[in-house]
Structures are given as C-alpha cells and as structure tokens.
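Working notes, structure below.
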Amino acid sequence: MTSISSMRTLYCAARAQVRAIHCSAARNDAVVISGRKLARQIRQEARQEVEQWVAAGNKRPHLSVVLVGENPASHSYVLNKTRAAADVGISSETILKSSSISQDELLDLISKLNNDHNVDGLLVQLPLPEHIDEREVCNAVIPEKDVDGFHVVNVGKMCLDQSSMLPATPWGVWEIIKRTGIPTLGKNVVVAGRSKNVGMPIAMLLHTDGRHERPGGDATVTISHRYTPKEQLKMHTKIADIVVAAAGIPNLITADMIKEGAAVIDVGINRVLDPLTGKAKLVGDVDFEGKFRMTIFVLGFLKTGAWNFFRIL
C-alpha cells in the first residue's frame, strides 16, 4: 500500500493555494507571503515520490472520486482535485451520480471501490443530499483508502497521536506552520471554529505531544465556537501567538483582536456580495483590509481540494 503517501502529499499541495504574511521585528506592517510557492514545492515533492514509486516497477497510484448531485462548488472542488492528481502523475476518475441515488446504492458503490485493487485512494465529495447519512458514508470507505481522513478509525488515530490519514485543511494548516517556521512549542493558540473536519483536527494537531508517533505542536490551544461571546473571543486572541480562523464568519477576526507579532491563519471560505460590483465574492474569516502590525498572516481560501492526496505509505 504505498500509493497513499504521494496522494496525501498532493492533498497538501492542492490546499496550499494561500497567501501568508510574515513580518520581522523591524517592520510595523504585515508582509504578504504567497502560499503558492509552498504549493509548488509540495507538488514537486509528490511528483518525485510518484515517479520514484512507478520507476521501481509499481503500479501508478489511482484516485476514485464519487460526486453526487449538481452542487457547483462540489464540482469545482472535484475538478481541482483531479487536476492536482494529474499534475503529479496520479491517475484519477470521477464517478458522477444523481442526487436521487439511494443511500444503499451509494454504499454498494463504495463497497465495490473498496474491493477494487486498482483503486488506491477513495473519497466521496461532501456535502451529500439530505436523505443520505454522511457519517455512515464516511465510515463506509475503508481506512486504508480514506483520503479525506474522515473514517472514525482515522479520526481516532489522529486523536491518539498515531499515524493516519489527516483531513485536508487541518493538514494544510499544519504543513504551512511547519514550512514557514512558525513556532508552536509552548505557544498560545486560538482556533475559532470547532467543526469535526477542520477546527477540531487543527486543535488536535497543534496541542498534542511532539514526541509521539504523529508529532504535534505542543501548544496550549483554546477553541471558540458560535456561542463564544465576541468580547470573550477577543480576550483569548489578544494573548494568542497563533490564531486560526475557521468559523465561516466573514471578518470575524479584526486587527484590534491580534497582538503584534502573532500569526494569523485564515481558512475560512465565505461567499459575500461585493457592494461595488453587486457580484458574489469569496472572503475569509479575517478582515484582511484591517491594519495588522508585525503579524504573520496565512490567509487561505483553501478551495482547491485534496491536501491529503494519497501519501501511499
């Protein structure tokens, strides 16, 4: 089962289409650092890993994506994932199904893909139609092929600091932090958002023990959510060395909430109406127009799918 390691690396690359801001102590203003350079670096690593694997006489890794319904955002995400796969030499297929598909029919398809030895990685694009239980579907994908890292076994291993598939966006945040040299050991971190696919895994990765099988960040982490009063959130962010905004609330984090020298990582994706054009636009959870001082920014509209892509181990 070696193909999953390259696919997971690619998942990171596809998620790393971000902007980062890094400031030295000698500067007063935040400086934007493009995350695209990180993405290119990660993709190159994945590409080399895939080619070395194939050159050794192994089968080229293959990703199967199941896409249910006509959600435009889901179709866009899946297209980006398969393009990212092709870019690093991973073959892929997208299996389109009508939104009227029954849960039993979908589970039967997943079972067939689980048992198909030509399929190294499998993901079912979320969200699914309301009549389908997403948790049951996520758990139907066997852990070894679970590129999204949503199976309860992979979630459990993550929480126990064991090597496992990690959800795409949290792993992306973790890679950005490591590759940009943002220190975490003993630091205060605020994660705004507690979703099971983003906020919770980010908090787990940042606070867990750096000496364990899956090393963590050894940070002190505070999680906020929809019922955290704004003033209480501000109390926490004002003393935080790192703030991860993953709540899905436009302009939740403003300049007056961040101390000088902190790192701000924005993985929020919000569609809002642009008052100037009257058209919808994507914004994050951080008010990027505010005047942040001496701050590292990682502003991530992580809308390009598959960070995990198969690191076939």
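The residues of the chain are indexed from 1 along the displayed sequence. Just so it is clear, the values below take in all heavy atoms, side chains as well, and ignore hydrogens, waters and symmetry mates.
- Atom CZ of Arg135 has more than 12 heavy atoms from other residues, nucleotides or ligands within 6.0 Å.
- Between the side chains of Asn270 and Asp285, at least one donor-acceptor pair of N or O atoms lies under 3.5 Å.
- Within the 4.5 Å cutoff, no side-chain heavy atoms of Val141 are placed close to those of Leu123.
- With respect to the salt-bridge test (charged N to carboxylate O, under 4.0 angstrom), the residues Asp108 and Lys112 qualify.
- One side chain, His212 or Asp161, offers a donor N or O that lies under 3.5 Å from an acceptor on the other.
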Check: Checking side chain to side chain contact (heavy atoms under 4.5 Å, CB included) for the pair Ile90/Val50: CA distance, chi angles, key distance, verdict?
Finding: CA-CA 7 Å; Ile90 293 173; Val50 169; 3.8 Å; yes
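- Side-chain atoms of Thr208 and Arg214 form a donor-acceptor pair, as typed in the model, at a separation below 3.5 Å.
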Next item on the list: Starting from the C-alpha separation in whole Å, work towards a yes-or-no answer on side chain to side chain contact (heavy atoms under 4.5 Å, CB included) for Gln41 and Glu175.
Entry: CA-CA 11 Å; Gln41 177 185 341; Glu175 282 294 312; over 6 Å; no
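- Electrostatic pairing of Lys145 and Asp120 does not count as a salt bridge here, judged by no charged N lying under 4.0 Å from a carboxylate O.
- In this structure, Lys238 and Lys234 have side chains that are in contact, with non-hydrogen atoms separated by less than 4.5 Å.
- With respect to Arg211 and Asp209, a salt bridge is recorded, a charged nitrogen being found less than 4.0 Å from a carboxylate O.
- With salt bridges taken as basic N to acidic carboxylate O contacts below 4.0 Å, one links Glu45 and Arg179.
- Looking at heavy atoms from C-beta onward, Leu128 lies out of side-chain contact with Asp133 at the 4.5 angstrom threshold.
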Next item on the list: Start with the C-alpha distance between Asn197 and Ser195, add both sets of side-chain angles, then the distance that settles side chain to side chain donor-acceptor pair (under 3.5 Å), and finish with yes or no.
Entry: CA-CA 5 Å; Asn197 298 338; Ser195 71; over 6 Å; no
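- Side-chain contact between Glu134 and Leu126 is present, with heavy atoms from C-beta onward closer than 4.5 Å.
- Between the side chain of Asn114 and the main chain of Ala140, a donor-acceptor pair closer than 3.5 Å is present.
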